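Here the structure is laid out as C-alpha cells; the discussion comes afterwards.
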Amino acid sequence: MMHIDKQISLIKQNTQEIIPEEELIRKIKRKGSLLVKFGVDPTTPDIHLGHSVILLKLRTFQDLGHKVVLLIGDFTARVGDPSGRIKTRKPLSVKEISLNAKTYREQAFKILDATKTIIDYNSRWLAKMSFSQVLKLTSRYTVARMLERDDFSLRYRNNISIGLHEFLYPLMQAYDSVALKADVEIGGTDQKFNLLLGRDIQRDYGQSSQVIITMPILEGLDGKEKMSKSLGNYIGVTEASSEVYGKIMSIPDELIFRYFRLVSVLSREEIDTLEKDFKEKKLHPKEAKKKLALEIVRFYHGEKEANYQDERFEKIFSQKGVPPEISSHFVNTDKIWVVELLRSSGLVSSGSEAKRLIQQGGVRWDGEKVKEVNSILSVKRTHTLQVGKRKFLEIIKK
RNA sequence: GGGGAGGUGCCAGAGUGGCCAAAUGGGGCGGGCUGUAAACCCGUUGGCAAUUGCCUACGAUGGUUCGAAUCCAUCCCUCCCCA
C-alpha cells in the first residue's frame, strides 16, 4: 500500500472539502482498506462529465486499494432528492428505475474498475423497514434543522410546496450509510447536508461516523449552470467522439483548466505547466482547448480516435470543410424540394423550421447557401446538405 | 374546518370578452464578427398551407356568447392567513 501521505495527497486533489480530514487519516491507518460509498439516483440514465468528477475520484480510491460501493438509490428514487431543487421531483416508475440503473452501471464502468466495485441497491433495506423503524429514524431529526437547508428554506420562503416525504430523503440516504457501514461517503458539494446527516445518523445507530468528501460541481457548456442533462449543457460519456471533441471546443475559455483538473486524467504537474504557459500567453486558448478535447476523447474513446477527431476538427472548422464521415440519407427522386428534404431526412423537425433556417441563411447544399425557400434541388449522385455550422448529412440518390 | 390568492408558451411574467399564436425579459436556434471561446450586433422562436387561410394552444371538463386565455359551473393542483 502506498504511503499514507501520498495517499492523502492524491485523495485530496480537487476535492472541495474533507470532513474531518484527520479522521480519514486515522481510518486509513486503522483499517487499511476503506469502504467508500457513492449513492446514485437512477434518475438520469446518462452519465456525463459532471458525474465523472466524482467517479474519477472513486477510481483514485480504487487504485489505492479501497473498496467502492456504488449504491443505486432504487428506493430513494421513488422520492427524489430535494437537494438544490426548487420543485418536488416527479417520482419514477419501477420500470424506469431499473432501466436507468442498468445504464448507469454500464456507463460508470467506463471510469470505475468493475472488479473493485460493489453494486448495491437501497431497496434491499429501505423497502423492508417497518413504520416503527421509520419513526425511530425520523425522530433523530427536527423540522427546524431540516429547514436550515438552503433549498428547503428557499422553497419555504417563496411559498413553493415541500412534500413531507421530501424531508425523509436525507434520512433515507443517511440510513444507507448505516446499512453499509460506510467509512467514507463522497458526493457533490450540493450533497453536503445529506452527507453530514449520514454522520449523525450513523453515530445514533452506534457506528463510527463516515468521513465525507465533497467534490466541486462542474459547470456545463454554457459556463454558468451546473452540467446537467435537463439543461442540455452536458457532455455524455457515451457520446460520439466527434460530439465530445466539438463540445469541449465550445466551452468558455475560463473553464479550460477547471475541466483539465476535474475531468481529465492528466497529472497535476502536467496541468500546472500547461496553465502556466496559458497565462504567459505561450499557449493559445484554442490550442489549450484542443489539448483538452484530445485528452478527454482519448480517455473515453482511445488514442487513435482522439487523434482522428483532432485532425477532423481542423479540417471542418478551421478550414470550413466537410467532415470525412457523415451519416447518409437516401432519396429516390431526381428533384426534391429543399424543405421536404430537410424534413424527411430528420435534420429539422418541421417545415416551418426548415423555412426559417433557409430564410436566415443557415442551409447549404454542396456548400452553396440555399437562398430560396422554394428551391428545388436536383439530386444526381451524392450531395452534402448542411444545417447550421454543425449538422451535416450526405444525400445519396438511390 | 373557515377565509383569501392563484394556475398562461422551454422558463419567468403581462394580458381579464374581439385588434391574442398571446407584450416583455431570459433561454434556445440561425446569421455576422471570431478561435465551434467570451463580449457585441442582426434575425428568429406552435404546426400545416402558403402572401389576407386553417388547425392546435393559456390547469381539466362542461356552459354562456356571433365571438373566451379573458364570463359562469364543477373538478384537480398550489400558496397565504386563521383554527
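Quick note on labels: first sequence line is chain A, next is B, and so on, each numbered from 1. Here the structure is a predicted model, which means the values were calculated and not measured.
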Which value, in whole Å, describes the distance between the [atom1] atoms of nucleotides [N] and [M]?
N	M	atom1	value
B:rU61	B:rA57	P	8 Å
B:rG53	B:rC58	C1'	23 Å
B:rC55	B:rA49	C1'	10 Å
B:rG63	B:rC48	C1'	31 Å
B:rG6	B:rA14	C1'	15 Å
B:rG62	B:rC11	C1'	31 Å
B:rG7	B:rU70	P	11 Å
B:rC80	B:rC72	C1'	26 Å

Inset, instruction - Could you list by number each residue of residues 349-358 of chain A showing a heavy-atom separation from RNA chain B of less than 4.0 Å, or answer none if no residue does? - result: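 Residues of residues 349-358 of chain A that come under 4.0 Å of RNA chain B are, in numerical order, A:S350, A:G351, A:S352, A:K355, A:R356, A:L357.
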Give one of base, sugar-phosphate or nothing for [X], where a contact means two heavy atoms less than 4.0 Å apart.
X	answer
A:K289	base
A:I251	sugar-phosphate
A:P285	base

Interatomic distance where [atom1] belongs to [X] and [atom2] belongs to [N] [whole Å]:
X	N	atom1	atom2	value
A:E239	B:rU36	CD	P	19 Å
A:Q359	B:rU44	CD	C1'	10 Å
A:E314	B:rG35	CD	C1'	10 Å
A:Q386	B:rU36	CD	P	13 Å
A:E340	B:rC48	CD	C1'	13 Å
A:K389	B:rG31	NZ	C1'	8 Å
A:D222	B:rA38	CG	C1'	13 Å
A:L342	B:rC48	CG	P	12 Å

Legend entry - Watson-Crick or G-U pairs under 3.5 Å in RNA chain B, rendered as dot-bracket with [ ] for crossing pairs and | for another strand: ((((((((.[[[..)..(.....]]]((((((.......))))))(((....)))...[[[[[..)....]]]]]))))))).
Legend entry - Pair A:D272 + A:K276, salt bridge at N-O below 4.0 Å: no
Side-chain donor-acceptor pair under 3.5 Å between [X] and [Y], yes or no?
X	Y	result
A:Q173	A:E185	yes
A:Q309	A:S241	yes
A:S177	A:K37	yes

Inset, instruction - Determine, step by step, whether A:I395 and A:I336 satisfy the side-chain contact (heavy atoms from CB on, under 4.5 Å) criterion, reporting the C-alpha distance in whole Å, the side-chain angles of both residues, the deciding distance to 0.1 Å, and the verdict. - result: CA-CA 11 Å; A:I395 304 299; A:I336 187 162; over 6 Å; no
Legend entry - Passing option when A:K397 is tested against A:T382, A:N332, A:D334 for side chain to side chain donor-acceptor pair (under 3.5 Å): A:D334
Legend entry - All pairs passing salt bridge (charged side-chain N to carboxylate O under 4.0 Å, His left out) where residues 237-258 of chain A contributes a residue, at least two apart: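 For residues 237-258 of chain A: A:E219-A:R258, A:E239-A:K247, A:D253-A:K289.
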Inset, instruction - Using the closest heavy atom to pick a nucleotide of RNA chain B for each, name whichever of A:L221 or A:V373 lands nearer the 5' end. - result: A:L221
Legend entry - Closest-nucleotide ordering on RNA chain B, the 5'-leading residue of A:G246 and A:K391: A:K391
Legend entry - Flag side-chain contact, heavy atom, 4.5 Å: A:L56 against A:M215: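 Sidechains of A:M215 and A:L56: no contact.
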Inset, instruction - For residues A:N122 and A:M172, determine if any side-chain heavy atom of one lies less than 4.5 Å from a side-chain heavy atom of the other. - result: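 No. Closest side-chain heavy atoms not under 4.5 Å.
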Candidate nucleotides [options], ranked by approach to the side chain of [X] - the nearest:
X	options	value
A:Q360	B:rA49, B:rG35, B:rG30	B:rG30
A:K369	B:rG31, B:rA50, B:rU36	B:rG31
A:R343	B:rC48, B:rU36, B:rG35	B:rC48

Inset, instruction - Look at atom NZ of A:K192 and say whether more than 12 heavy atoms of other residues, nucleotides or ligands are closer to it than 6.0 Å. - result: no
Inset, instruction - Taking the six-membered ring of A:Y175 (Phe, Tyr or Trp), confirm whether the NZ or CZ of A:R140 is under 6.0 Å from its centre and within 45° of its axis. - result: no
Legend entry - Check: B:rG35 base within 3.5 Å donor-acceptor of A:D253 side chain: yes
